[in-house]
Amino acid sequence: MRYWLIKSEPDVFSIDHLRKAKREPWSGVRNYQARNSMRDDMSPGDLALFYHSSTNPPGVAGIAKVAGEPYPDPTQFDPKSEYHDPTSPKDNPRWILVDFEFVAKFDAEIPLQQMKEDPALDGMVVLQKGTRLSITPVEAKHFKHVCKLARWKP
DNA sequence: GCCAACGTTGGC
DNA sequence: GCCAACGTTGGC
């Protein structure tokens, strides 16, 4: 059982969108490290902090769960998609994703600022300066602490 | 809108 | 393989 943090711009896809959709392919990731996390390290049942980025204030809005095994991101082969990648080989797709399913929306978002100020979250990858990765691993103790701040229990 | 901190691209 | 130029992310 691993824990993760996944970033999304709420204008594009928010925790409310996920709640409505129930399950969603995490398409459009075009960063190798983030892809490797989904392809190699995620397992069905893993839990993720759902983080709202590029919004005021940014912060963790809820919880999502890895809903299945990794598979090729269909948008890479779709010429109409903004995520179309014409250089990705059809017989060896470059971009791999997993589906996430909705688990919970926090009563109140946990703001990035509050997380930065909390000594219990020292060392969390997403809090480190210059981290732009859209998918980062989260230590169990950090995951549990954020849930505690949100007064949410699995 | 600014800009720091990256990641990617491509000439050499 | 180096590295300058360029593009992107995302907090502020």
Side-chain angles (χ1 to χ4, degrees), chain A residues 2-21 24-42 46-66 70-100 102-139 141-150 152:
Chain A
R2 289 187 167 108
Y3 299 95
W4 306 92
L5 180 141
I6 55 176
K7 290 181 185 173
S8 187
E9 298 187 24
D11 291 347
V12 179
F13 193 82
S14 71
I15 190 76
D16 287 323
H17 289 117
L18 183 62
R19 176 159 64 182
K20 200 167 177 184
E24 184 76 8
W26 209 245
S27 58
V29 171
R30 295 295 179 266
N31 170 282
Y32 288 106
Q33 242 181 299
R35 176 207 65 183
N36 292 348
S37 289
M38 290 196 283
R39 187 188 62 186
D40 304 331
D41 299 330
M42 285 190 186
D46 283 1
L47 293 178
L49 303 171
F50 194 108
Y51 178 90
H52 283 170
S53 65
S54 295
T55 186
N56 192 16
V60 177
I63 304 289
K65 180 160 72 176
V66 177
Y71 62 96
D73 181 343
T75 64
Q76 69 194 307
F77 300 125
D78 178 2
K80 292 193 293 291
S81 168
E82 59 175 315
Y83 302 120
H84 182 221
D85 182 355
T87 67
S88 177
K90 288 235 171 22
D91 55 354
N92 183 22
R94 176 171 302 149
W95 305 112
I96 304 295
L97 54 66
V98 298
D99 286 2
F100 282 97
F102 176 82
V103 174
K105 179 186 178 179
F106 290 162
D107 293 335
E109 286 191 20
I110 307 302
L112 176 63
Q113 184 60 36
Q114 181 186 345
M115 294 170 63
K116 282 181 173 173
E117 291 168 354
D118 193 332
L121 297 178
D122 276 357
M124 213 172 150
V125 178
V126 75
L127 303 180
Q128 282 160 19
K129 194 180 172 187
T131 295
R132 299 176 310 161
L133 257 186
S134 62
I135 297 176
T136 54
V138 174
E139 292 177 46
K141 63 178 179 182
H142 292 153
F143 183 90
K144 284 166 186 167
H145 188 72
V146 172
C147 292
K148 193 172 153 194
L149 293 175
W152 180 80

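Everything quoted here is computed from the prediction, not taken from an experiment. Convention: sequence-line order gives letters A, B, ...; per-chain numbering from 1.
Of all heavy-atom pairs spanning Ile63(A) and Phe50(A), the tightest one is N-CB, 4.4 Å. What you find for Pro70(A) and Ile96(A) is that their closest heavy atoms are CB-CG2, 3.6 Å.
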Write out a two-atom table: protein N or O, nucleotide N or O from nucleotides 2-8 of chain C, distance below 3.5 Å.
from	atom 1	to	atom 2	distance (Å)
dT8(C)	O2	Arg132(A)	NH1	2.5

Show me the side-chain donor-acceptor pairs of residues 115-124 of chain A shorter than 3.5 Å, one per line, residues at least two apart or across chains.
from	atom 1	to	atom 2	distance (Å)
Glu117(A)	OE2	Gln113(A)	NE2	2.9
Asp118(A)	OD1	Ala120(A)	N	2.9
Asp118(A)	OD2	His145(A)	NE2	2.7

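Residues from residues 114-130 of chain A placing a heavy atom under 4.0 Å of any atom in DNA chain C, listed by number, are Lys116(A). The stretch residues 6-19 of chain A touches DNA chain C through Lys7(A), each having a heavy atom within less than 4.0 Å of the strand.
The side-chain contact (heavy atoms from CB on, under 4.5 Å) test applied to Asp85(A) returns Gln76(A), Thr87(A), Ser88(A), Arg94(A), Trp95(A), not counting sequence neighbours. Not counting sequence neighbours, the partners of Thr75(A) by the side-chain contact (heavy atoms from CB on, under 4.5 Å) test are Ser27(A), Arg30(A), Asp73(A), Ser81(A), Tyr83(A).
A tilted orientation is assigned to the rings of Trp152(A) and Phe106(A), their planes being inclined by 30° to 60°. A parallel orientation is assigned to the rings of His17(A) and Phe13(A), their planes being inclined by less than 30° (bins at 30° and 60°).
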Audit row: Leu5(A), Phe143(A), side chain to side chain contact (heavy atoms under 4.5 Å, CB included) steps and yes/no: CA-CA 9 Å; Leu5(A) 180 141; Phe143(A) 183 90; over 6 Å; no
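Between Tyr51(A) and dT9(C) there is no side-chain N or O to OP1 or OP2 distance below 4.0 Å.
Looking only at distances, a side-chain donor or acceptor of Thr131(A) sits under 3.5 Å from a matching main-chain atom of Val125(A). The backbone N or O of Lys105(A) lies less than 3.5 Å from no partner atom in the side chain of Arg19(A), so there is not a single donor-acceptor pair.
Between the NE2 atom of His52(A) and the C1' atom of dC12(C) there is a distance of 19 Å, given to the nearest Å. Here the C1' atom of nucleotide dT9(C) and the CD1 atom of Ile135(A) are 14 Å apart, to the nearest Å.
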